Structure formats: C-alpha cells, structure tokens
Amino acid sequence: MKLFSRTILSEKIKESLTSVLPVTGIVLLLFVTLTPVSPDMLVTFLLGAVLLIVGMGLFTLGAESAMTPIGEYVGSRLTKSRNLLLIILISFFVGVMITVSEPDLQVLANQISSVNNMVLIVSVGVGVGLFLVVAMLRILFRVRLKYILLVFYLAVFVLAFFVPSNFLSVAFDSGGVTTGPMTVPFIMALGVGVAAIRSDDSADNDSFGLVALCSIGPILAVMILALIFPGAAEAYTDYSMPYVSNSKDIALMFIEAIPHYMKEVAMAVGPIAIFFYIFRLACGHMEGSVLIKITIGILYTYVGLVLFLVGVNVGFMPIGYYLGEELTNSVWRWLIIPLGMVIGYFIVAAEPAVHVLTKQVEGVTLGAIPGKLLSTTLSIGVAVSVGISMLRVLFGIPILWVLIPGYAIALILSFFVPDIFTSIAFDSGGVASGPMTATFLLPFAVGACSAVGGNVVENAFGLVAMVAMTPLITIQILGLIYRIKQARKASAVTETTAQAADTVIEEMTVKITAEDTIIE
C-alpha cells in the first residue's frame, strides 16, 4: 500500500528526527559543559533518543492512518443516526474507555495516597466521559465554545478555594495527563467526523474544542475526590536512574521495560480497536481496503507508542531529574529558568499529538492557519510556562497565583478573537502537555525542587498544568493579530473600492459635462 511505503515511513522518521534533535543537542551540550555525566547515563540517553525518534515516526504514521479515520468514521456515523440518546451513550462510553486505558492516568493515581487507585481512575474516566458528551452536544446544538468554557472554568476556580493546597497542583496536572497520545488523535478526529455532517459556515470551527472540554473533567473529578477523601497527595514516582555497571546492563534495562509498556499500550490501543470493529460491524459502510489500511495503522500505532514510551521513560526521565537537581545544586542555579524555557520551546515539537493537531488544523482551515506558525506559537507558550514553573520551584509561588490570572486572560481573549482560534488554543493545551512533558520536564522540575528543599507536590507538580495553560494565551494572541490584519485588509479593500467608485463618478461627470458643452 502506498500509505505504508518505505518512502512515507522514512519521511515520518525524518520529521521526528527534526523534532527531537534540538532537545538532544541541548542536553548533550549540558553534558559536556555544566552537568557532566557518567558514560552509562550518556549511552542510556542516546539509546532513549533513538527509540523516541523511531517510535514517534511510527506512531505519527499510525495515528494518521488509523486513529484519525476511526474517530471521523465513528463521529459521522453517530451524527447520521440522528439518535440523541445513542450519541450520548456512545460518547460517554468512549470517553470513559479511552481515559481508563490511558497509561499516564495510573501514574497520576499513584500520587494520591488517600484515594484508592481504582476509585480515582474510574472517577476521572467518568469525568472525561461526561465532558465528551457535553462536547458532542455542543457541536450538534451549535453552542459557542467560549460560553461553556467560561462557565466550567469559573466552577473549577471556585471549587479550588475549598480544595487542600497539596491537591491543587495534582488536580490541575490531571487535565493534561489524561489527554495523552492515544486520547487526543481519536477525540480530535471524532469532532471532525461530527462536524462534517453539518453544512453551515461554523462547522469547521466547531470541529475543534473536544480536547478542551475533556481536559476539564479530570480536574473537577480530582478536586471532588479531594473533598470526599481528605488526606495527602504524595510524590511517589522514582525518577532516579537505576545503577548499571556495563553496556549489557544498559541493554537489559531497556529490554526489561518493553513488556511493561507493551502491556500498557495494549490496554490503551486494544479497547479503541475492539470498539471500532464492533461499531463497524453494527454500522457497516466501509470498504475492505480502508479496513485493512486501518488495521495496519493500528499496528503501527501500537509499535510506535511502545518504542516511544520505552525511550522517554527509560532514557529521558532520569536525565531530566538529574539535570534539574545538578543545575540547582550548582552556583548556576538561576540557569534553570532560561534553560527550562529553551528546552520547553523545543520539546513541544517532540510531543506526538502536536503533529496530529497541526496537520488537522492545516487540513480543516485549508492552509489558512499554517502548521509551522501554529507549532511555533505553541512552542513560545510552552517556553513561557516552563520559565514560570521554574520560578515557582525556586520561590515557592502558589499555583493559583499563576493559574487564575492566566485563565482569566485566556477567557477574556476568547471574546475578541475568531472562534476557531479559541477552539484550537484550548485544544492545544491538552495536546502540548503530553508524555514528553510528563517524563522530561516534570522530572526536571522535581529534581530542581528536591535540590532547594521545596514541597515537590505543591511546587514541582503543576508544571503540566502550566504547559496546558500558556498556549491558550499565545495562540489566541495569534488570533487577535489575525483579526486585526483581516480588518485592515477589509478596510483597505473598502477604501480602494470607494476610490474606484469616486474615480468612475468623476469620469462620468466629466463626460456628461463634455456632452452638455457639445450640445450647447
């Protein structure tokens, strides 16, 4: 099949190489200057980078050929059924299913000691399921996204004042953690499939916004659980690198991690694949060649995500923690702010779901919003968020001092920019805060916080929430600039048209005057 040719695959690998290379280069530069490492850590990091590059290439190809078509197919078939109850039930079921199977949710559950893991996982899944229903109904009934966001974020921040401070960072992080690399492509494509049935002018705008709403569910779920089960949120995750004595131990470290992530990814991909095949049998209307292409794409997605997660968790996570700790312990402590910003700028390009988002935006807008421009704007937002997070680590700034004004600015901007920019901006928050953020930037913050003796749960955690917040502002600022340019262009066209009309009137006046003169 042409889609799965060696040329297409090599192009995807090159794309991922371009995305990962800047981060790898920065880390290697730190290794030979400010934070020298042992040979085993260097080799581990390089092996992780190779797996990450290959895994991202395979995943991106699989997402484009399987997850996106599946989401669009399910969305369009549901909408065509015109059965509101069926749409609600299927949307809720899909939201719960893909969230419960998200690997990063188990990591989140381990941070909260006072709540049973399964209780938290199911509660978060129900939260996402309910908000996916809200998102689907919003598209069907053509409700503008900004009004729904305003209502629910007001509810989030009012509730935040009653939640124990040691839960807040974890709660806000959960919004980004649960919209992972498997969830995002499927949910985004679902929105495109639902909106494709509509023929009105705002259909394309409404195809975005599902990820934005689904990110709110986990935040509310964790906050409510914190009120029901008062206790403590603790940082259980061990980010340090295990001791290895030779190259064989390094190889074994990666090999032994593969079965674990094969199981995790199978739990993430399996339910979606099974649901799709059952749904397709019930609804039909899909060519055999398309079905085969989707099946091969699912395999690519599975293998790619396994390699990606092994690479970032085994090769990148310990390095992030080490860099944060070593830099903060040195006389160059202040460098964690600019270095964090530079790493944040480049690392967002290595998030698998970012590639899916930029391609979908380019496709839906027919290139009116270039993917490169969107990616750059997203990178700027993430850089700012990491810089603010490092300030929080160094000075112990409460997270609400940053999130409340940040979301206030984002929500106010939504009333001054085109709706599609608001939808893309709030979607991008969930997209940017993916596995690269959780396995490199968060350990970097934890290492720095441990070095200064700060409260890891309150000050280091919250970085994912920050990464999810700042793109809401930067992308909407891009929308504001776009609107101003469009207004100026329209004004220039109007002025040109008016001048042309005046010229025609003048010419006609001169002609009439000349004719009158001749007649006289």
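What you see is a predicted model; the values in this text were computed from it and never measured.
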Item to complete: Begin with the C-alpha distance, continue with both residues' side-chain angles, and end with the deciding distance and a verdict on side-chain contact (heavy atoms from CB on, under 4.5 Å) for Lys146 and Asp419.
Response: CA-CA 8 Å; Lys146 60 187 177 185; Asp419 286 348; 4.1 Å; yes
Worksheet item: Quick check: are there more than 12 heavy atoms from other residues, nucleotides or ligands sitting under 6.0 Å from CE of Met262?
Response: no
Worksheet item: What distance separates Ser81 OG from Ile90 CD1, expressed to the nearest 0.5 Å?
Response: 9.0 Å
Worksheet item: Between atom OG of Ser16 and atom CZ of Phe59, what is the distance when rounded to the nearest 0.5 Å?
Response: 12.5 Å
Worksheet item: Can you check side-chain contact (heavy atoms from CB on, under 4.5 Å) on Val314 and Leu309, steps first, answer last?
Response: CA-CA 8 Å; Val314 179; Leu309 291 177; over 6 Å; no
Discussion item. Rounded to the nearest 0.5 Å, what separates atom CG in Leu137 from atom CD1 in Ile87?
Written reply: 8.0 Å
Response to the item:
Nearest heavy-atom contact between Leu411 and Phe415 is O-CD1, 3.3 Å
Fill in: Expected output: side-chain Thr470 to main-chain Gly381 donor-acceptor under 3.5 Å
yes
Worksheet item: Does the side chain of Leu78 come within less than 4.5 Å of Val194's, by heavy atoms?
Response: no
Discussion item. Once rounded to the nearest 0.5 Å, what's the spacing between atom CD1 of Ile409 and atom CD1 of Ile477?
Written reply: 8.0 Å
Item to complete: Can you label the angle between the Phe131 ring and the Phe152 ring as parallel, tilted or perpendicular, going by 30° and 60°?
Response: perpendicular
Discussion item. Filter on salt bridge (Lys or Arg N to Asp or Glu O under 4.0 Å), then keep only pairs touching residues 115-139, sequence neighbours left out; what's left?
Written reply: Arg138-Asp206
Worksheet item: How close do Ser123 and Ala221 get, heavy atom to heavy atom, and via which atoms?
Response: O-CB, 3.7 Å
Response to the item:
Sorted by chain and residue number, the salt bridge (Lys or Arg N to Asp or Glu O under 4.0 Å) partners of Arg280 (sequence neighbours excluded) come out as none
Item to complete: Say whether, by atom type as modelled, one donor and one acceptor occur between the side chain of Thr328 and the main chain of Glu325 under 3.5 angstrom.
Response: no
Worksheet item: Do Val211 and Leu357 come within less than 4.5 Å of each other through their side chains, counting heavy atoms only?
Response: no
Item to complete: Give the intermediate values and the outcome of side-chain contact (heavy atoms from CB on, under 4.5 Å) for residues Met469 and Leu403.
Response: CA-CA 8 Å; Met469 180 195 72; Leu403 289 183; 3.7 Å; yes
Fill in: Donor-acceptor side-chain pairing of Thr437 and Glu351 below 3.5 angstrom
yes
Worksheet entry | Polar contact flag, side-chain donor to acceptor under 3.5 angstrom, Ser414-Gln476 | no
Discussion item. I need the minimum non-hydrogen distance between Leu120 and Leu225, along with the two atoms involved.
Written reply: CA-CD1, 3.8 Å
Worksheet entry | Mutual orientation of the aromatic rings belonging to Phe440 and Phe444 [parallel < 30°, tilted 30-60°, perpendicular > 60°] | parallel
Worksheet item: Can you tell me if CZ on Phe162 sees more than 12 non-hydrogen neighbours from other groups inside 6.0 Å?
Response: no
Worksheet item: In terms of the angle between their ring planes, are Phe276 and Tyr73 parallel, tilted or perpendicular, with boundaries placed at 30° and 60°?
Response: perpendicular
Worksheet entry | Val96 versus Gly125, closest heavy-atom pair with distance | CG2-O, 3.3 Å
Discussion item. Are Phe395 and Asn459 packed together at the side-chain level, in the sense that at least one heavy-atom pair is separated by less than 4.5 angstrom?
Written reply: no
Fill in: Minimum side-chain heavy-atom gap Phe254-Thr44 below 4.5 Å
yes
Practice prompt. For residues Gly129 and Phe92, report the shortest heavy-atom separation together with the two atoms involved.
Written response: C-CD1, 3.6 Å
Discussion item. Tell me which one of Phe157, Phe167, Phe461 satisfies ring-ring contact (aromatic ring centres under 6.0 Å, His included) with Phe172.
Written reply: Phe157
Worksheet item: Do the rings of Tyr482 and Phe421 sit parallel, tilted or perpendicular, given the 30° and 60° boundaries?
Response: tilted
Discussion item. So, taking the atom named CE in Met390 and the one named CE in Met466, what distance separates them when rounded to the nearest 0.5 Å?
Written reply: 10.0 Å
Worksheet entry | Expected output: side-chain Thr68 to main-chain Ala63 donor-acceptor under 3.5 Å | yes
Worksheet item: Above 12 or not: heavy atoms from other molecules or residues under 6.0 Å from CE of Met97?
Response: yes
Fill in: Donor-acceptor contact present, side-chain Ser91 to main-chain Ile88, <3.5 Å
no
Worksheet entry | Working for side-chain contact (heavy atoms from CB on, under 4.5 Å), residues Leu213 and Ile148 | CA-CA 9 Å; Leu213 288 171; Ile148 298 178; 3.6 Å; yes
Fill in: Pairs where residues 436-454 contributes a residue and the test salt bridge (Lys or Arg N to Asp or Glu O under 4.0 Å) is met, not counting sequence neighbours
none
Practice prompt. Report yes if the distance between the aromatic ring centroids of Tyr407 and Tyr153 is under 6.0 Å, otherwise no.
Written response: yes
Practice prompt. Give a yes or no answer on whether the side chain of Ser169 reaches the backbone of Glu458 with a donor-acceptor pair at less than 3.5 Å.
Written response: yes
Fill in: Any side-chain heavy-atom pair of Tyr345 and Thr376 under 4.5 Å
yes
Worksheet item: How about Phe308 and Leu51: do any of their side-chain heavy atoms sit closer than 4.5 Å?
Response: no
Worksheet item: Are the side chain of Asp173 and the backbone of Gly462 linked by a donor-acceptor contact shorter than 3.5 Å?
Response: yes
Discussion item. Looking at every heavy atom in both Ala266 and Tyr302, which two are closest together, and how far apart are they?
Written reply: N-CE1, 3.5 Å
Worksheet item: Hey, does the side chain of Asp427 reach the backbone of Gly209 with a donor-acceptor pair shorter than 3.5 angstrom?
Response: yes
Discussion item. For a 4.5 angstrom cut-off between non-hydrogen side-chain atoms, does Leu378 reach Thr474?
Written reply: no
Worksheet item: Out of curiosity, Met341 CE to Ile388 CD1, how far, rounded to the nearest 0.5 Å?
Response: 8.0 Å
Worksheet item: With side chains defined as the heavy atoms from C-beta onward, is the minimum distance between Arg483 and Val417 less than 4.5 Å?
Response: no
Fill in: Backbone N/O of Gly371 and side chain of Ser375: donor-acceptor pair under 3.5 Å
no
